[in-house]
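By convention in this document, chain letters (A, B, ...) are assigned in the order of the sequence lines, proteins followed by strands, and residues within each chain are numbered from 1.
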Protein chains: 2
Amino acid sequence: MKRPVSLKDLAEELGVSISTVSRALKNSGEVSDAMKEKVRKLAKEKKYRPNPFAVSLLKNSPRIIGIIVPDIATYYYSSIISAINQAAVKEGYSTIIVSSDETYEIEKQCVENLINFRVEGILACVSQQTSDFSHFEVLFDQNIPLVFFDRVGLSEKSSCVITDNVESAQTATAHLLENGRKRIGFIGGANHLNIVKLRKHGYLQALRDYKIPIDKDLVVCKEIGYELGYEAASRLLALANPSDAFLCLSESLAFGAFKAIRDKGLRIPDDVALIGYIDEIHADYVSPPLSAMTHQTAQIGKTSFKLLLKQIKGSTEIEKKIIPCILTVRGSSVKKAAGNQLEAPKTTPAQE
Amino acid sequence: MKRPVSLKDLAEELGVSISTVSRALKNSGEVSDAMKEKVRKLAKEKKYRPNPFAVSLLKNSPRIIGIIVPDIATYYYSSIISAINQAAVKEGYSTIIVSSDETYEIEKQCVENLINFRVEGILACVSQQTSDFSHFEVLFDQNIPLVFFDRVGLSEKSSCVITDNVESAQTATAHLLENGRKRIGFIGGANHLNIVKLRKHGYLQALRDYKIPIDKDLVVCKEIGYELGYEAASRLLALANPSDAFLCLSESLAFGAFKAIRDKGLRIPDDVALIGYIDEIHADYVSPPLSAMTHQTAQIGKTSFKLLLKQIKGSTEIEKKIIPCILTVRGSSVKKAAGNQLEAPKTTPAQE
DNA sequence: GTAAATAACGCAAACCTTTGCGTTCGAATT
DNA sequence: AATTCGAACGCAAAGGTTTGCGTTATTTAC
């Protein structure tokens, strides 16, 4: 690996000082137009590229932000990452993406690594295992901006971007109730996650609104994953008084439940209705297509970065942005013959 | 953002020189055990973290590699990224992931950005639009190691990791032929992509092997994407002599075709068989589950990084690694009643 | 024609770490 | 007792860039 050309190289070749070359490339007023021209020409010819380490060393701002996700290879996260990336690139920032693999220990390590990297800020979505957030507190000491998205923590101390968890779950549950379902199974993840707590709240609220008795057996809060969805749904379908509908908190849970229903020989939506937090692009893969609460991942990513950037630029305001989910009713939640779909597919517009 | 503590800060507080502190933390033999202890204690107390910019400036190796993918939010790429990441972290490397958005111009920019970043090496999967690879040649001038994966270019000059394109397509096609299909539609992407060229070759070879006449109308090579899959399949099903099976080169194409078949009111696999390069986790989402050629993304990622690391460490050998696909026969390609499945589900083990 | 102003450029410090080499001092060898 | 050796540490350069300030030389104003 040969040494890249530096300002010094250019300066020597032109017989001028390094400062002049530096200023010329920065289009400073302190250097003549003729000189600027000469410098720029040589720089292009020699393929000069400023050394980012030297600049970062001086300014202590590498123009990099860190992103911590529980998992990279899930559409939901990768699409958010993609949106963050786009917003970041537009502002001249690069991103370093790290995965906690849904593990507390790794997440801890991720935070440390990003600090060592001297990132200018961190966007984080916590792992399923994380119920204690003290490993994020170091960032406050170091004055490194932190914004949580989706699964959040330390909400008194840091900004975050979340979805309308309570309302979306309430809406989804109400939708099932209005279509005549009585025994709605709630299939979620670990209880300490804000998204689980809040959505369960919305689910229960809808039941109360419609005066449906609450049955704790229908609420499953274990882990998020395809197998878990399969197991939970299987169990709820095997009850003496089985479920006639499911609200699933993630795509993997929903498809797991989907398979469980099919394997049981039951029909969707005739025997069992299904709705879940499912990504737009996959909801239509299956037959019947899945009714879904869809996250506006592009908005989530964009907004998260915007909040972070604001903090990087010095703001200390703690903000909480809510990106609404969009309910799209497809085949899995409404019986064709029934025709008693009270509510038109409600698409809440994204804020801002 | 307050200034992080430096070696100098520690040195002053201890009343020793910077070099001693540096060596103490590096556990050098040139400093006494007592001093080491004192330094380490203070370092921990003051939360000293080595400045990566200073180190990189000196050594010109930031321990970062760049990854260029056509798209982040696709399971195939994100799972490869995930595997690369894991391998990289294990070796103390971080990754910067950039997306070309399937665009030639952006890809060009990505390469430039990564060079400016002084990454130690680049792993790349080219965009659909890319047929000219000259923008990668800069890397050779700069002596930056480059390894292509999946969609490759410059194969005489750079190492790459690919799948067994010809063989897998040949096997998949043969599988359809052995199950009685005669009019197999080939739904691929742009012709200039190696993966399309080679797989088409495998497809044609299988037809020849089985003495089936080749019909150019059944070969569609346009773009990769859900809508394109839908269109292509719709068209082939509307032919006077329509397709009775499809081989799709990507998951999005396959699910697009899947929907087209359903919308036409045809049954899978009774009327039309379907097989494609589909990710393991999604193949089972639909009913019937999809027969698939599955990429071993973990292997692809891991092997790619290993090849790159070898080059970073100085090797100039140009290597080409082939990671075989795995054929898993599910419901979409074999009629239940037929029972003439000649070939057992063949799972080729991953190499190494 | 002298004083003041300005344009155009150079010097050098600073950012932080690593490392070859030089220095000092005490202990071991002859 | 004089010499040698090694342990333990300091000095200083190097890596590339930015920037405040100092230095020229030329132009402008009176």
Closest heavy-atom pair and its distance - S158(A), G153(A):
OG-O, 3.7 Å

Could you give the [atom1]-to-[atom2] distance, from [X] to [N], as a whole number of Å?
{"X": "E30(B)", "N": "dT24(C)", "atom1": "CD", "atom2": "C1'", "result": "14 Å"}
{"X": "K36(B)", "N": "dC9(D)", "atom1": "NZ", "atom2": "P", "result": "10 Å"}
{"X": "L58(B)", "N": "dG15(D)", "atom1": "CG", "atom2": "P", "result": "9 Å"}
{"X": "F53(A)", "N": "dT18(D)", "atom1": "CZ", "atom2": "C1'", "result": "17 Å"}
{"X": "N51(A)", "N": "dC16(C)", "atom1": "CG", "atom2": "C1'", "result": "14 Å"}
{"X": "E37(B)", "N": "dA8(D)", "atom1": "CD", "atom2": "P", "result": "15 Å"}
{"X": "K26(B)", "N": "dC9(D)", "atom1": "NZ", "atom2": "P", "result": "18 Å"}
{"X": "K8(A)", "N": "dT17(D)", "atom1": "NZ", "atom2": "P", "result": "11 Å"}

On DNA chain D, does the nearest nucleotide to D9(A) precede the nearest nucleotide to T20(B) from the 5' side, or the other way round? Give the residue.
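Here T20(B) is the residue nearer the 5' end.
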
Select base, sugar-phosphate, or nothing to describe what S32(A) touches, counting heavy atoms under 4.0 Å on all strands.
sugar-phosphate

Out of [options], whichever nucleotide has its closest atom nearest the side chain of [X]:
{"X": "K59(A)", "options": "dC9(D), dT18(D), dG15(D)", "value": "dT18(D)"}
{"X": "L7(B)", "options": "dC9(C), dT18(C), dT18(D)", "value": "dT18(C)"}
{"X": "S17(B)", "options": "dC11(D), dG10(C), dT17(D)", "value": "dC11(D)"}
{"X": "Y48(A)", "options": "dT17(D), dT18(C), dC9(C)", "value": "dT17(D)"}

Would you say [X] and [Y] make side-chain contact, with heavy atoms under 4.5 Å?
{"X": "Q86(B)", "Y": "D101(A)", "value": "yes"}
{"X": "Y48(B)", "Y": "L42(B)", "value": "no"}
{"X": "V138(A)", "Y": "E112(A)", "value": "yes"}

Main-chain N/O of T74(A) paired to S78(A) side chain as donor or acceptor, under 3.5 Å:
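Yes: the side chain of S78(A) pairs with the backbone of T74(A).
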
If you pin S19(B) and A54(B) to their nearest nucleotides in DNA chain C, which one's is more 5'?
A54(B)

Distance-only donor-acceptor test (3.5 Å): side chain R23(B), base dG10(D):
yes

Looking only at side-chain N and O atoms, does R118(B) come under 4.0 Å of OP1 or OP2 in dG16(D)?
no

